[in-house]
Amino acid sequence: MSTAAASPSVLVSCPHCQATNRIPEARLGEQPGCGRCHQPLLDGRPVALDDLNLDAVLRHSDRPVIVDFWAAWCGPCRQMAPQFQAAAAQLQGRALFAKVDSDACPEASARHAIRSIPTLVAFHGGREIGRLSGAMPAAQIVRWVEGLGGQA
(Lines give C-alpha, C1' and ligand atoms only; values in the text may rest on other atoms or scores of the structure.)
Protein backbone atom coordinates (compact mmCIF):
# COMPACT_ATOMS: atom_id res chain seq x y z
CA MET A 1 0.00 0.00 0.00
CA SER A 2 1.43 3.39 -0.96
CA THR A 3 2.02 6.22 1.50
CA ALA A 4 -0.57 8.38 -0.28
CA ALA A 5 -3.21 5.63 0.01
CA ALA A 6 -2.53 5.14 3.73
CA SER A 7 -2.46 8.88 4.43
CA PRO A 8 -5.50 10.52 5.97
CA SER A 9 -7.45 12.47 3.40
CA VAL A 10 -9.21 15.82 3.35
CA LEU A 11 -12.16 17.10 1.39
CA VAL A 12 -11.49 19.99 -0.96
CA SER A 13 -14.31 21.67 -2.82
CA CYS A 14 -13.38 22.64 -6.36
CA PRO A 15 -13.66 26.41 -6.73
CA HIS A 16 -14.38 25.94 -10.44
CA CYS A 17 -17.17 23.32 -10.53
CA GLN A 18 -17.94 22.84 -6.79
CA ALA A 19 -17.28 19.08 -6.92
CA THR A 20 -16.07 17.69 -3.60
CA ASN A 21 -12.72 15.92 -3.94
CA ARG A 22 -11.10 13.59 -1.40
CA ILE A 23 -7.36 14.22 -1.49
CA PRO A 24 -4.77 12.28 0.57
CA GLU A 25 -2.99 14.76 2.86
CA ALA A 26 0.35 13.52 1.54
CA ARG A 27 -0.64 14.75 -1.94
CA LEU A 28 -1.81 18.25 -1.01
CA GLY A 29 1.53 19.82 -1.96
CA GLU A 30 1.48 18.15 -5.39
CA GLN A 31 -1.08 20.55 -6.89
CA PRO A 32 -3.92 18.02 -7.15
CA GLY A 33 -6.59 18.54 -9.78
CA CYS A 34 -10.34 18.19 -9.56
CA GLY A 35 -11.65 14.74 -10.44
CA ARG A 36 -14.56 16.26 -12.37
CA CYS A 37 -13.25 19.33 -14.24
CA HIS A 38 -9.48 18.67 -13.88
CA GLN A 39 -8.79 22.28 -12.81
CA PRO A 40 -6.19 22.78 -10.05
CA LEU A 41 -7.56 22.63 -6.51
CA LEU A 42 -4.78 24.07 -4.32
CA ASP A 43 -2.26 25.51 -6.74
CA GLY A 44 -1.12 28.43 -4.62
CA ARG A 45 -3.12 31.04 -6.54
CA PRO A 46 -6.28 32.79 -5.34
CA VAL A 47 -9.46 31.79 -7.16
CA ALA A 48 -12.39 34.06 -7.91
CA LEU A 49 -15.63 33.10 -6.17
CA ASP A 50 -19.06 34.71 -6.41
CA ASP A 51 -22.56 34.78 -4.93
CA LEU A 52 -23.35 31.42 -6.52
CA ASN A 53 -20.34 29.31 -5.56
CA LEU A 54 -18.86 30.85 -2.39
CA ASP A 55 -21.05 29.00 0.12
CA ALA A 56 -20.63 25.64 -1.64
CA VAL A 57 -16.84 25.98 -1.52
CA LEU A 58 -16.93 27.03 2.16
CA ARG A 59 -19.21 24.14 3.18
CA HIS A 60 -17.39 21.36 1.36
CA SER A 61 -13.74 22.05 2.11
CA ASP A 62 -11.79 20.50 4.98
CA ARG A 63 -9.01 23.00 4.33
CA PRO A 64 -9.33 26.56 5.62
CA VAL A 65 -10.61 29.01 3.02
CA ILE A 66 -9.17 32.53 3.21
CA VAL A 67 -11.41 35.00 1.37
CA ASP A 68 -10.36 38.49 0.32
CA PHE A 69 -13.43 40.70 -0.07
CA TRP A 70 -12.33 43.51 -2.37
CA ALA A 71 -13.45 45.92 -5.13
CA ALA A 72 -11.76 47.08 -8.32
CA TRP A 73 -12.09 50.79 -7.43
CA CYS A 74 -10.43 50.32 -4.01
CA GLY A 75 -6.79 51.50 -3.96
CA PRO A 76 -5.82 49.50 -0.83
CA CYS A 77 -7.45 46.40 -2.35
CA ARG A 78 -5.38 46.73 -5.52
CA GLN A 79 -2.28 47.38 -3.42
CA MET A 80 -2.87 44.24 -1.35
CA ALA A 81 -3.70 41.91 -4.30
CA PRO A 82 -0.07 40.89 -5.00
CA GLN A 83 0.50 40.42 -1.25
CA PHE A 84 -2.54 38.14 -1.02
CA GLN A 85 -1.26 36.19 -4.02
CA ALA A 86 2.19 35.84 -2.42
CA ALA A 87 0.63 34.57 0.82
CA ALA A 88 -1.43 32.04 -1.17
CA ALA A 89 1.74 30.75 -2.82
CA GLN A 90 3.50 30.42 0.55
CA LEU A 91 0.60 28.47 2.06
CA GLN A 92 -0.08 26.28 -0.96
CA GLY A 93 -1.78 23.05 0.04
CA ARG A 94 -2.54 24.29 3.55
CA ALA A 95 -5.40 26.65 2.65
CA LEU A 96 -7.50 27.71 -0.30
CA PHE A 97 -7.23 31.43 -1.07
CA ALA A 98 -10.19 33.09 -2.77
CA LYS A 99 -11.23 36.55 -3.86
CA VAL A 100 -14.79 37.89 -3.86
CA ASP A 101 -15.50 41.19 -5.63
CA SER A 102 -17.86 42.86 -3.15
CA ASP A 103 -19.43 45.06 -5.84
CA ALA A 104 -20.13 42.16 -8.19
CA CYS A 105 -21.25 39.88 -5.32
CA PRO A 106 -23.44 41.97 -3.01
CA GLU A 107 -25.28 38.94 -1.60
CA ALA A 108 -22.08 37.24 -0.42
CA SER A 109 -20.80 40.52 1.02
CA ALA A 110 -24.09 41.09 2.89
CA ARG A 111 -24.26 37.49 4.18
CA HIS A 112 -20.78 37.83 5.63
CA ALA A 113 -21.32 41.36 6.99
CA ILE A 114 -18.56 43.00 4.97
CA ARG A 115 -18.50 46.66 6.05
CA SER A 116 -15.09 47.75 4.75
CA ILE A 117 -12.63 46.53 2.17
CA PRO A 118 -10.24 44.94 1.88
CA THR A 119 -11.42 42.44 4.47
CA LEU A 120 -9.96 38.96 4.87
CA VAL A 121 -12.24 36.33 6.35
CA ALA A 122 -11.00 32.86 7.28
CA PHE A 123 -13.46 29.96 7.20
CA HIS A 124 -13.08 26.38 8.31
CA GLY A 125 -15.80 23.77 8.05
CA GLY A 126 -18.14 26.40 6.63
CA ARG A 127 -17.91 28.75 9.61
CA GLU A 128 -15.95 31.92 10.15
CA ILE A 129 -12.85 31.50 12.32
CA GLY A 130 -11.17 34.88 11.86
CA ARG A 131 -11.38 38.30 10.23
CA LEU A 132 -8.99 41.17 9.46
CA SER A 133 -9.63 44.45 7.67
CA GLY A 134 -7.19 46.68 5.86
CA ALA A 135 -4.32 46.17 3.45
CA MET A 136 -1.37 44.19 4.79
CA PRO A 137 1.85 42.62 3.55
CA ALA A 138 2.11 38.93 2.66
CA ALA A 139 4.13 38.12 5.79
CA GLN A 140 1.35 39.46 8.01
CA ILE A 141 -1.30 37.47 6.12
CA VAL A 142 0.78 34.30 6.47
CA ARG A 143 1.32 34.89 10.23
CA TRP A 144 -2.41 35.51 10.69
CA VAL A 145 -3.40 32.31 8.85
CA GLU A 146 -0.78 30.27 10.74
CA GLY A 147 -2.03 31.78 14.01
CA LEU A 148 -5.61 30.63 13.49
CA GLY A 149 -4.86 27.62 15.63
CA GLY A 150 -4.70 24.07 14.33
CA GLN A 151 -7.34 24.92 11.76
CA ALA A 152 -4.96 26.32 9.13
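Between F97 and V145 the shortest side-chain heavy-atom distance falls below 4.5 Å. C17 is listed as a side-chain neighbour of C34, based on a closest heavy-atom distance under 4.5 Å. The shortest distance between side-chain heavy atoms of R127 and L58 does not fall below 4.5 Å. For the pair L96 and I66, the minimum side-chain heavy-atom distance is 4.5 Å or more. By the 4.5 Å heavy-atom criterion applied to side chains, V121 and F123 are counted as neighbours. Counting heavy atoms from C-beta on, the side chains of P106 and D51 come closer than 4.5 Å. Taking 4.5 Å as the limit, some side-chain heavy atom of M80 sits within range of a side-chain heavy atom of L120. Side chains of P24 and P8 form no contact here, defined as non-hydrogen atoms less than 4.5 Å apart.
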**OP:** Dump the intermediate steps for side-chain contact (heavy atoms from CB on, under 4.5 Å) on N53 and D50, then the final yes or no.
**Re:** CA-CA 6 Å; N53 61 11; D50 58 31; 3.1 Å; yes

Original post:
Do K99 and V47 pass the side-chain contact (heavy atoms from CB on, under 4.5 Å) test, and can you show the C-alpha distance, the side-chain angles, and the key distance before you say yes or no?
Top reply: CA-CA 6 Å; K99 295 182 74 68; V47 296; over 6 Å; no

Original post:
What do the steps show when you test T119 against L132 for side-chain contact (heavy atoms from CB on, under 4.5 Å), and what is the final call?
Top reply: CA-CA 6 Å; T119 293; L132 282 177; over 6 Å; no

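Under the 30°/60° scheme for interplanar angles, the aromatic rings of H112 and F69 are found to be tilted.
Rounding to the nearest 0.5 Å gives a distance of 8.0 Å between SG of C105 and CG of L52. Between D68 atom CG and Q83 atom CD the span is 11.5 Å, to the nearest 0.5 Å. From S61, atom OG reaches atom NE2 of H124 across 7.5 Å, with rounding to the nearest 0.5 Å. The distance from atom CZ of R94 to atom CZ of R63, rounded to the nearest 0.5 Å, is 9.0 Å.
Judged purely by atom type and a 3.5 angstrom limit, R78 uses its side chain to pair as donor or acceptor with the backbone of A72. Between the side chain of H38 and the backbone N or O of G33 there is no donor-acceptor pair closer than 3.5 Å. At least one donor-acceptor pair under 3.5 Å links the side chain of N21 to the backbone N or O of A19.
A 6.0 Å sphere centred on CZ of R111 holds more than 12 heavy atoms belonging to other residues, nucleotides or ligands.
Transitive grouping of hydrophobic side chains (ILVMFWY, heavy atoms separated by less than 4.5 Å) brings F84 and I129 into a common cluster. Cluster annotation: M136 and L91 are assigned to the same hydrophobic cluster (Ile/Leu/Val/Met/Phe/Trp/Tyr, side-chain heavy-atom contacts under 4.5 Å, transitive).
Pairing each heavy atom of S102 with each of A71, the nearest pair is OG-CB, 4.0 Å.
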